[in-house]
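Only one structure is covered here, and it is reproduced in the block below.
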Amino acid sequence: MLIGAFAGVVGSYLTGSVWGGLLVAIVSTVLFAAIFAYFTVTIKADQTVIGTAMNILAVGLTTTINRAMFGSSTVTQIDTFDNIAIPVLSKIPVIGPAFFSHAFPVYLAFILVPIFGFVLFRMNIGLKIRAVGENPRAADTMGIKVNFIRFMTVLFSGLMAGIAGAYLSMGKMSFFTENMTSGVGFMALAAVVFGNYKPAGIMWASIIFGASTALMYRLQAMNIGVSNYFLLMLPYVITIIALCGFRRRSNQPAASTVPYIKE
Amino acid sequence: MALLEMKHVTKRFGSVVANDDVSFSVERGEVHALLGENGAGKSTLMNILYGMYSQSEGEIFFNDEKIRISNPQKAIEAGIGMVHQHFMLINALTVIENVVLGYKGNKPVLDLKAAAEEFSKLAARYEMEIDPWEMIENLSVGQQQRVEILKALYRDAELLILDEPTAVLTPNEVENLHKMMVKLTSENKSVIFISHKMLEIMDMCDRCTVLRQGKVVAEGLPISEIESIDLLAELMVGKGVELVAEKPLATPGEPILSVKNLSYTDPQGIQRLKNISFDVRAGEIVGICGVDGNGQSELIRCITGLISKKEGTITICGADCSHASAREILNHSVAHIPEDRHKMGMIGKMTLTENSTLTHFCMPFFSKNGFMKWKRVDNYCSNICEKYNVKTPGTKETIEHLSGGNQQKLVVGRELSENPKLIIAVHPCRGLDVGATNFIQRCLIEARDKGAAVLMVSTELYEVMDMSDQIMPMFEGQIMGIIPQQEATREELGKLMSGVKDEKLQPA
């Protein structure tokens, strides 16, 4: 996401168009994901170790290139996502602007929920994806190319992270700051667990986490006399509580994070 | 011309030769047994045929055509289906999802309803009805096997490889499997039946090929020409072996273990054990038979202190152990050979020496003030290896590199070497070959003759009938009866194991 956020700004800066920015963001994150996939799927290194290393790398890489390109000042104006107001619906008082006037990636996120649900649970490719996550050996005996599918899903997650990052720097903000994701990618991971590995569940989990962030900003604005630092913790605390408290029977894929080594 | 011909197949793993110039052929419409001890190369050969491995040398002909099977997809396309010993099913998916997974005819958007209909028709044809919408994890092992078989038939397999299919089945389910195999062969399909159970092979197969240490010692032997199973055993092991462990009559003494009114309900609210009472006396073997999952595991976990929330009383050597911890129970001179050595009996990544002290590490002989006396442990481990015939390059070897039989011998040796008063042996010979099985059975009988009380659990009816002085069939958490060995018949036990209660028998 951080890579996406930064690359988006660079792309938008260089091409002068937010779409150019988005494209650069996606290409960068997919490449970055390819490195991750190479290490974890092909070489079968430990995902946690590689993941941590690549997170640290992303922070350093973006910071370094950012300073090299733009100095320590923030970037001059770049093209960003415009809010798209949905006709009629956005005119409804109060909820209109809140729900129906957002940038393109926000709508995309909601549209993708049922689409992913359909792909994962109704389509052939979805069955294969679930199979290689649950029991790669069994999938292998049924003639499925386990590593190919795993590689592709990692690349796809890179693509999605690219869009997410681009939205962060070109939708919510219009500039890149060092380590601007501040761990929301990990919250996305938490949302997947909390949403019980199902698209609709993940959507609700994300909404809860998002709401807690919004609550933080509101409380800050209201100046209720609690230290700012405690308020900043709020979304993360809520994430932890959510993960501990509402754990139902987990749908976690049995072979998630386990590399598949053919005998 | 034969349906399948494998010619001069050799497979090497590094310097180890797993299959050495193996040739054999399968005719259309026959059940061909592949017999051999563990490690004889049966599974390797079949994995080559199914494209999981590729052979180092040799040729495979299928349907009169030379084929090169580089991956399972190729095998499936050629018409070969395999039911692995450890099922290749995905527990979190439904039956029908498992069946269509990777199927060539799938459209991008799956039509599971149509597939389920077709599947049900197929299942009905072979009298193996199964609900296509059920999750695999909710099925019994026997049902899962049906799914595996149907999965292969759904892909129009002409040759079905069954890798030790009966190891997990009840006598009744074995009978059904047999019927299905007859049906298959009547449709001119062929079956390769891998097993090391000779009686079954005599019963269910047309011809057999015997492998020993990677080599064919008998090829395509017609079963009808085999006069006794001793011949098969000799081919398989290479020397005359005693199949049945000889033992003198038991002379039971005082009760060592007494279980009274034991009941247990698991956290999901399912009652696993229903009011169980029995005694095991010094110098006798009590064998529990039954299909996996009828409460045997729970019963053993209750007795060994691994389950604490239970009702009833458990007395070991006169002491009340109903609420004792596992360590307290072991301290009453109890030995526990657990059901799954990989999960409970040993730690794969540790050395033999370390594994040999897992149950005794806190004895003063082995440790003092928190420091281990590794020299003593090492000596102790060497003694076990010698006495119990554990074949290993050395005591510093990690145990996962040993074969299953040698691992189990170390576990058994460790548990029996301190002259326990009560031995709890769960599936002591599961997955072991004839030689190792025989050895471990003799160890248990020897321990009995020295005055130990032995409680044995096994799903192998033959094993329970051979070994036990008293036999207790279990069904759905109940003891269905306690039958002295001399009076037990296979039919009667089979009935009790499937819940049919005989009026003549006294309830336990």
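Lettering follows sequence order; numbering is per chain, from 1.
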Do you see a donor-acceptor pair shorter than 3.5 Å between the side chains of B:D163 and B:S43? yes
Mind checking what makes side-chain contact (heavy atoms from CB on, under 4.5 Å) contact with A:A164, not counting sequence neighbours? A:M1
Heavy-atom cut-off 4.5 Å, strictly under: side chain, backbone, both or neither for [X] against chain A?
| X | value |
| --- | --- |
| B:H86 | neither |
| B:I76 | side chain |
| B:K151 | side chain |

Is the closest basic N to carboxylate O distance between A:R130 and B:E97 below 4.0 Å? yes
Highest number of heavy-atom pairs under 4.5 Å with chain B: which of A:N135, A:V119, A:N124? A:N124
Can you tell me how far the CE atom of B:M52 sits from the CE atom of B:M88, to the nearest 0.5 Å? 5.5 Å
